[in-house]
Colleague: 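Just passing along the structure, written as structure tokens.
Just so you know, these numbers come straight off a predicted model, no measurement behind them.
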Amino acid sequence: MQLTAPASGRTENRPHTRDADGMAVASFILGLLGLLVLNIVLGPVAIVLAAVALWRGTSRRGRAFLGLALGVADLAVLGLAMDLSHTVSWSL
């Protein structure tokens with residue numbers, strides 16, 4: 001008696017897709033969080049995770065693109081805040 005479904009060739013690619021989906025979600029969350037704190041760290045991490053997720057063929061392409069856009073926005077906010085305060089860092 002077999003209690004689980006038989007393995008097929010499609011399940012071998014599933015972990016890579018699942019990892020890519022997780023990277024897309026993590027990119028979105030880190031990009032969103034980076035708008036508030038640690039944008040110099042979280043922005044580039046969000047960009048890299050989004051790029052890797054898209055390269056691996058995530059099924060959550062929209063979330064990966066949002067993470068990519070938010071990562072770029074993190075760096076833009078940092079640049080704008082540094083320019084306005086005339087310092088290398090910024091504070092509230």
Side-chain angles (χ1 to χ4, degrees):
M1 178 162 76
Q2 188 173 4
L3 297 176
T4 59
S8 66
R10 294 179 68 190
T11 58
E12 293 174 8
N13 293 333
R14 182 140 172 91
H16 293 295
T17 305
R18 216 162 81 202
D19 290 344
D21 291 348
M23 286 181 194
V25 172
S27 171
F28 172 71
I29 291 171
L30 291 177
L32 196 58
L33 187 62
L35 288 173
L36 303 173
V37 294
L38 290 174
N39 49 3
I40 195 164
V41 174
L42 296 179
V45 171
I47 292 169
V48 169
L49 283 175
V52 171
L54 289 169
W55 182 70
R56 287 190 177 182
T58 182
S59 61
R60 297 177 182 219
R61 292 180 55 85
R63 193 138 316 152
F65 281 123
L66 279 173
L68 184 65
L70 286 170
V72 171
D74 291 346
L75 296 178
V77 166
L78 177 66
L80 181 67
M82 286 173 31
D83 188 46
L84 291 176
S85 66
H86 302 293
T87 62
V88 179
S89 64
W90 64 279
S91 62
L92 297 174

Colleague: Consider side-chain contact (heavy atoms from CB on, under 4.5 Å). Of Leu68, Leu49, Leu66, which one does Phe28 pass it with?
Modeller: Leu66
Colleague: Quick one: CG on Leu75 to CG on Leu42, what's the gap to the nearest 0.5 Å?
Modeller: 10.0 Å
Colleague: Once rounded to the nearest 0.5 Å, what's the spacing between atom CG of Leu38 and atom CG of Leu35?
Modeller: 12.5 Å
Colleague: Under 4.5 Å between side-chain heavy atoms, counting indirect links through other Ile/Leu/Val/Met/Phe/Trp/Tyr residues: same cluster for Leu32 and Val72 or not?
Modeller: no
Colleague: Determine, stepwise, if the pair Arg60 / Val25 fulfils side-chain contact (heavy atoms from CB on, under 4.5 Å).
Modeller: CA-CA 8 Å; Arg60 297 177 182 219; Val25 172; 3.4 Å; yes
Colleague: Do other residues, nucleotides or ligands put more than 12 heavy atoms under 6.0 Å from the CD1 atom of Ile40?
Modeller: no
Colleague: Work out which heavy atom in Ala50 is nearest to a heavy atom in Ala64; give both atom names and the distance.
Modeller: CB-O, 3.3 Å
Colleague: Do Val52 and Val45 belong together in a cluster built from hydrophobic side chains that touch within less than 4.5 Å?
Modeller: yes
Colleague: Can you tell me how far CG of Leu78 sits from CG of Asn39, rounded to the nearest 0.5 angstrom?
Modeller: 4.5 Å
Colleague: For Asp21 and Ser59, indicate whether the former's side chain and the latter's backbone hold a donor-acceptor pair under 3.5 Å.
Modeller: yes
Colleague: Can you name the nearest heavy-atom pair linking Leu30 to Asp74, along with the distance?
Modeller: O-OD2, 4.0 Å
